[in-house]
**Student:** 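I am attaching a structure below and will ask some questions about it afterwards.
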Amino acid sequence: MAYAYGAAAPSNPPMANPIAVVSPHFCAPYPVDLIIAKKLMTLSEGSFAVTDVNGAVMFKVKGSVFSIHDRRLLLDASGNPVISLRQKIITAHRRWQVYRGDSSDSKDLVFSVKKSSVLQFKTELDVFLGANTKEDVPDFKVKGSWLERSCTIYLGNTSNIIAQMHKKHSVESVLLGKDTFSVTVYPHVDYAFIVGLVVILYEINEDRKDND
């Protein structure tokens, strides 16, 4: 198992079992703090950069705004594809489907995300694992205020928090005008999965803003 960087494991981890949605490789026994920044002037790639608090690159997000299916690719620091994020174009709930690597094959579906309801004043997303074909109950929920860039990710319909996001205010983010988020991923939770959720959250709300 690879760890993000060397912090001590908490004495009482909140999760009895690791939540390894993409891979156990991305589960650390301590909280992982990530900085996710939307880069400007990258129309052809729509890129995000994901770093740790020390500025070391953890992931990159690339995609094309000209593809038939709105598509984003999460790459690791070495440029290897981790997951592929694809928006289903004609859906009222703004559904995104996420596949292993750069696949789009249904057998490689890892999870899917959709708005909990068509009309929303607060952000609320339902997240379903690939094996949850009935989708009666979501495996994870995203709730919060996108306007305030404050969202929390929960385990299913419970109060168990697995990650939290808030807007990062810094001189750099103000000067460059970047959308910059700070995300804390709880111990034993797949941080590649959380990054994928935050990117989808951003895209869904950018769509909503464009359509207002």
Side-chain angles (χ1 to χ4, degrees), residues 10 13-22 26-28 30-38 48 50 59 61 70 72 74 83 85-88 91-98 109-169 173 178-212:
M15 298 297 163
N17 299 305
I19 297 175
V21 176
V22 175
F26 300 113
C27 294
Y30 45 80
V32 175
D33 290 309
L34 299 173
I35 308 299
I36 303 178
K38 174 82 169 120
F48 291 82
V50 184
F59 301 103
V61 181
D70 215 347
R72 301 287 179 268
L74 181 69
I83 48 176
L85 298 74
R86 296 168 182 265
Q87 181 180 196
K88 293 187 73 174
T91 58
H93 287 261
R94 297 287 180 191
R95 177 183 285 269
W96 283 74
Q97 292 178 310
V98 178
L109 180 67
V110 182
F111 65 94
S112 61
V113 182
K114 71 179 183 68
K115 290 166 62 177
S116 301
S117 59
V118 177
L119 296 173
Q120 292 189 345
F121 297 102
K122 289 277 192 177
T123 296
E124 189 167 340
L125 304 179
D126 292 339
V127 184
F128 302 97
L129 295 175
N132 185 357
T133 53
K134 289 187 176 181
E135 297 190 353
D136 292 334
V137 178
D139 296 287
F140 304 93
K141 295 277 288 188
V142 182
K143 297 180 182 179
S145 169
W146 179 252
L147 188 64
E148 298 169 7
R149 300 297 196 265
S150 175
C151 291
T152 302
I153 302 169
Y154 297 91
L155 181 64
N157 284 325
T158 72
S159 58
N160 293 334
I161 297 172
I162 63 169
Q164 291 183 298
M165 178 193 90
H166 58 272
K167 187 170 179 64
K168 183 175 176 60
H169 295 284
S173 65
K178 293 189 299 187
D179 251 326
T180 306
F181 317 102
S182 177
V183 179
T184 299
V185 184
Y186 282 38
H188 305 290
V189 175
D190 187 329
Y191 52 86
F193 166 59
I194 300 300
V195 171
L197 283 184
V198 172
V199 171
I200 291 172
L201 182 62
Y202 180 93
E203 298 293 350
I204 286 176
N205 283 280
E206 285 299 289
D207 283 350
R208 184 171 67 181
K209 186 171 70 177
D210 293 342
N211 292 329
D212 283 346

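Because the structure is predicted, anything quoted here is derived from the model rather than measured. Only heavy atoms go into these numbers, but all of them, side chains included; no hydrogens, no water, no symmetry mates. Heads up: numbering here begins at 1 and tracks the sequence.
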**Student:** Which atom pair, heavy atoms only, marks the closest approach of Cys27 to Pro18?
**Tutor:** SG-CB, 4.3 Å
**Student:** For the residue pair Ala163 and Val185, what are the closest heavy atoms and their distance?
**Tutor:** CB-CA, 4.1 Å
**Student:** Parallel, tilted or perpendicular: which one describes the rings of Tyr202 and Phe48, with boundaries at 30° and 60°?
**Tutor:** perpendicular
**Student:** Could you pull out all residues at least two apart from Thr158 that satisfy side chain to side chain contact (heavy atoms under 4.5 Å, CB included)?
**Tutor:** Leu155, Asn160
**Student:** Would you indicate whether the side-chain heavy atoms of Asp126 and Val113 approach each other to under 4.5 Å?
**Tutor:** no
**Student:** Please determine which of Val61, Val50, Ile204 meets the side chain to side chain contact (heavy atoms under 4.5 Å, CB included) test together with Val199.
**Tutor:** Val61
**Student:** Excluding sequence neighbours, so at least two apart, what forms side chain to side chain contact (heavy atoms under 4.5 Å, CB included) with Thr152?
**Tutor:** Tyr154, Ile161, Gln164
**Student:** Any donor-acceptor pair under 3.5 Å linking the side chain of Asp190 with the backbone of Val22?
**Tutor:** yes
**Student:** Is there a side-chain contact between Lys114 and Trp96 in this structure, where contact means two heavy atoms from C-beta onward sitting under 4.5 Å apart?
**Tutor:** no
**Student:** If only atom types and distance count, is the side chain of Ser116 paired as donor or acceptor with the main-chain N or O of Glu124 below 3.5 Å?
**Tutor:** yes
**Student:** What's the shortest heavy-atom distance between Leu85 and Ile83, and which atoms?
**Tutor:** CD1-O, 3.9 Å
**Student:** How far does CZ of Phe59 sit from CD1 of Ile36, to the nearest 0.5 angstrom?
**Tutor:** 9.5 Å
**Student:** Between Phe140 and Ile19, is the side-chain contact (heavy atoms from CB on, under 4.5 Å) condition met? List the steps.
**Tutor:** CA-CA 11 Å; Phe140 304 93; Ile19 297 175; 3.7 Å; yes
**Student:** Where do Ser112 and Val127 land on the side-chain contact (heavy atoms from CB on, under 4.5 Å) test, with the steps shown first?
**Tutor:** CA-CA 6 Å; Ser112 61; Val127 184; over 6 Å; no
**Student:** What is the minimum heavy-atom distance between Leu74 and Ala192, and which atoms define it?
**Tutor:** CD2-O, 3.8 Å
**Student:** Quick one: pull up OG in Ser182 and CG in Leu34 and give me the separation to the nearest 0.5 Å.
**Tutor:** 8.0 Å
**Student:** Using 30° and 60° as the class limits, which term best fits the ring planes of Phe193 and Phe111: parallel, tilted or perpendicular?
**Tutor:** perpendicular
**Student:** In chain order, what residues pass the side chain to side chain contact (heavy atoms under 4.5 Å, CB included) check against Leu109, with sequence neighbours excluded?
**Tutor:** Gln97, Tyr99
**Student:** What's the spacing between Ile200 CD1 and Arg95 CZ if we round to 0.5 Å?
**Tutor:** 11.0 Å
**Student:** How long is the gap from CZ on Arg72 to CD on Gln87, to the nearest 0.5 Å?
**Tutor:** 8.5 Å
**Student:** What pairs with Val110 under side chain to side chain contact (heavy atoms under 4.5 Å, CB included), at least two apart in sequence or on another chain?
**Tutor:** Val21, Arg100
**Student:** List in chain and number order the residues that pass side chain to side chain donor-acceptor pair (under 3.5 Å) with Asp139, two or more places apart in sequence or in another chain; answer none if no residue qualifies.
**Tutor:** Asn132
**Student:** If you compare all heavy atoms of Val183 against all heavy atoms of Met165, which two are closest, and at what distance to 0.1 Å?
**Tutor:** CG2-CG, 3.9 Å
